[in-house]
Amino acid sequence: MAQSQSQVSALIVGADRLGNIPDLLRDHNIAIRHHISGRDSAHQKKTPALPSGTDLVILLTDFLGHNVMKTFRLAAQRAGIRVLACRRSVCSMQQALDQCGYCKACPLRANDAARPETRVSCKRRGAPGGLTLGM
């Protein structure tokens, strides 16, 4: 990735441990700003305030309940922050990043910078598993 591109700050929601995911994200110039397990019952009841400077919210769907996903997705939507939803595995995260514009070779990254109001949905592009990235 070119040095001129700024680093993306991400909030990860779901799972107690991230395994090798931080290394993968670092390779894609994405820094983990904060990690929330999603186990706290308060996350289900009210829309949380996202940390300032967050550019991307990553939801690890196999470790989250529907209500927690809904509250964080709503918070990101209200703040105009992109949401990436995938399973907690390096393979699934790599696939989501490749198909949704956060990889080195993906032409969507350049196109998305030109049109920040657009929503890229890998599900519409025929991606397996319904991986989505949107505003």
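Since we're looking at a predicted model, the values are computed, not measured.
- Between L60 atom CG and D62 atom CG the span is 7.0 Å, to the nearest 0.5 Å.
- More than 12 heavy atoms of other residues, nucleotides or ligands shown are found within 6.0 angstrom of CG on D23.
- Counting only heavy atoms from C-beta outward, the side chains of F72 and V83 never approach each other to under 4.5 Å.
- The CE atom of M69 sits 6.0 Å away from the CG atom of L64 when rounded to the nearest 0.5 Å.
- Between I81 and D55, the closest side-chain pair of non-hydrogen atoms is not below 4.5 Å.
- Note that the CD1 atom of I21 and the CD atom of Q94 stand 11.0 Å from one another [nearest 0.5 Å].
- The CG atom of N20 sits 11.5 Å away from atom CE of M93, with the distance rounded to the nearest 0.5 Å.
- For A85 against T61, the heavy-atom pair with the smallest separation is CB-CG2, 3.9 Å.
- The minimum heavy-atom distance between A15 and R88, with the atom names listed, is CB-CD, 3.4 Å.
- How far CD1 of I32 is from CG of L11: 10.0 Å, rounded to the nearest 0.5 Å.
- If you take CG on L97 and CG on L56, they are separated by 8.0 Å, rounding to the nearest 0.5 Å.
- Although no hydrogens or angles enter the test, the distance criterion places no donor-acceptor pair under 3.5 Å between the side chain of S92 and the main chain of S89.
- Counting heavy atoms from C-beta outward, I12 and I36 have side chains that stay 4.5 Å or more apart.
- Residues V13 and V68 form a side-chain contact, since some pair of their non-hydrogen atoms from C-beta on lies under 4.5 Å apart.
- With hydrogens and angles ignored, the 3.5 Å screen pairs a side-chain donor or acceptor of R33 with a backbone N or O of S52.
- A donor-acceptor contact shorter than 3.5 Å is absent between the side chain of S9 and the backbone of T54.
- Checked by atom type and distance alone, the side chain of H35 pairs as donor or acceptor with a backbone atom of G14 at under 3.5 Å.
- Panel note: side chain R78, backbone R73; no donor-acceptor pair is recorded below 3.5 Å.
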Steps toward side-chain contact (heavy atoms from CB on, under 4.5 Å) verdict (Q77, V57)
CA-CA 10 Å; Q77 184 179 21; V57 174; over 6 Å; no
